[in-house]
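What follows is a set of notes on a single structure, which appears directly below.
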Amino acid sequence: MENEHTESRRSRWTFLTNHARVLIAIARDPGIRLRDIAATCDLTERTVQAIVTDLEADGYLTRTRDGRRNRYVIAPGARFRHPAEADHEIAGLLAYLAAPLTSPAATSAAAPGREPTESPA
């Protein structure tokens, strides 16, 4: 049986960490500003700055100056930190989550060997 405490606790958790969200935002746009990452991820600029520093210190990305802005490069071959996923590179997850969104209808229509289905009128 659910109670108010259980329901509020369940509504607060998410599948991705803030570090993952920041890395995905950078994968989508390597020239993105910290302020834009903060807005996208619903974080403060200070938090985003700390996360970028963590990611850089642990070798997940490098930051270079490009005029007045930073440009980020995600390290090729970087692996997940947790032992359960350490044998997997983060590139696959980033490619999947940073890719443009497509509608389910477009995805199923583009699948090899499948004929597009018509929706009822």
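For reference, positions follow the sequence shown, starting with 1.
Closest approach of Ala27 to Ala98, counting heavy atoms only: CB-CB, 3.9 Å. The two residues Cys41 and Val22 have their closest heavy-atom pair at SG-N, 4.0 Å. Looking at every heavy atom in both residues, Val48 comes nearest to Ala38 through CG2-CA, 3.7 Å.
Of the inter-residue distances, the one linking Leu16 atom CG with Ile24 atom CD1 reads 5.0 Å to the nearest 0.5 angstrom. Here the CD1 atom belonging to Ile26 is positioned 12.0 Å from the CZ atom belonging to Arg28, to the nearest 0.5 angstrom. Note that CD1 of Ile37 is 12.0 Å distant from OG1 of Thr47, once rounded to the nearest 0.5 Å. Distance check, rounded to the nearest 0.5 Å: CD1 of Ile90 to CZ of Arg81 gives 11.0 Å. One distance of note links CZ of Arg71 with CG of Leu61; it measures 13.0 Å at 0.5 Å rounding. Between the CG atom in Leu93 and the CD atom in Glu85 there is a gap of 10.0 Å [rounded to 0.5 Å].
Within a 6.0 Å sphere centred on CZ of Arg65, heavy atoms belonging to other residues, nucleotides or ligands number more than 12. The number of heavy atoms from other shown groups lying within 6.0 Å of CG (Asp42) does not exceed 12.
Taking 4.0 Å as the cut-off between side-chain N and carboxylate O, Arg33 and Asp36 count as a salt-bridged pair.
When side chains are defined from C-beta on, Val52 does not count as touching Asn70, because their heavy atoms never get closer than 4.5 Å.
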query = Is there a side-chain contact (heavy atoms from CB on, under 4.5 Å) between Arg21 and Thr14 once you walk through the steps?
reply = CA-CA 11 Å; Arg21 283 189 192 92; Thr14 62; 2.8 Å; yes
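Without hydrogens or angle criteria, Tyr72 side chain to Thr64 main chain gives no donor-acceptor distance under 3.5 Å. Under a 3.5 Å cut-off, the side chain of Arg63 and the backbone N or O of Thr53 do not form any donor-acceptor pair.
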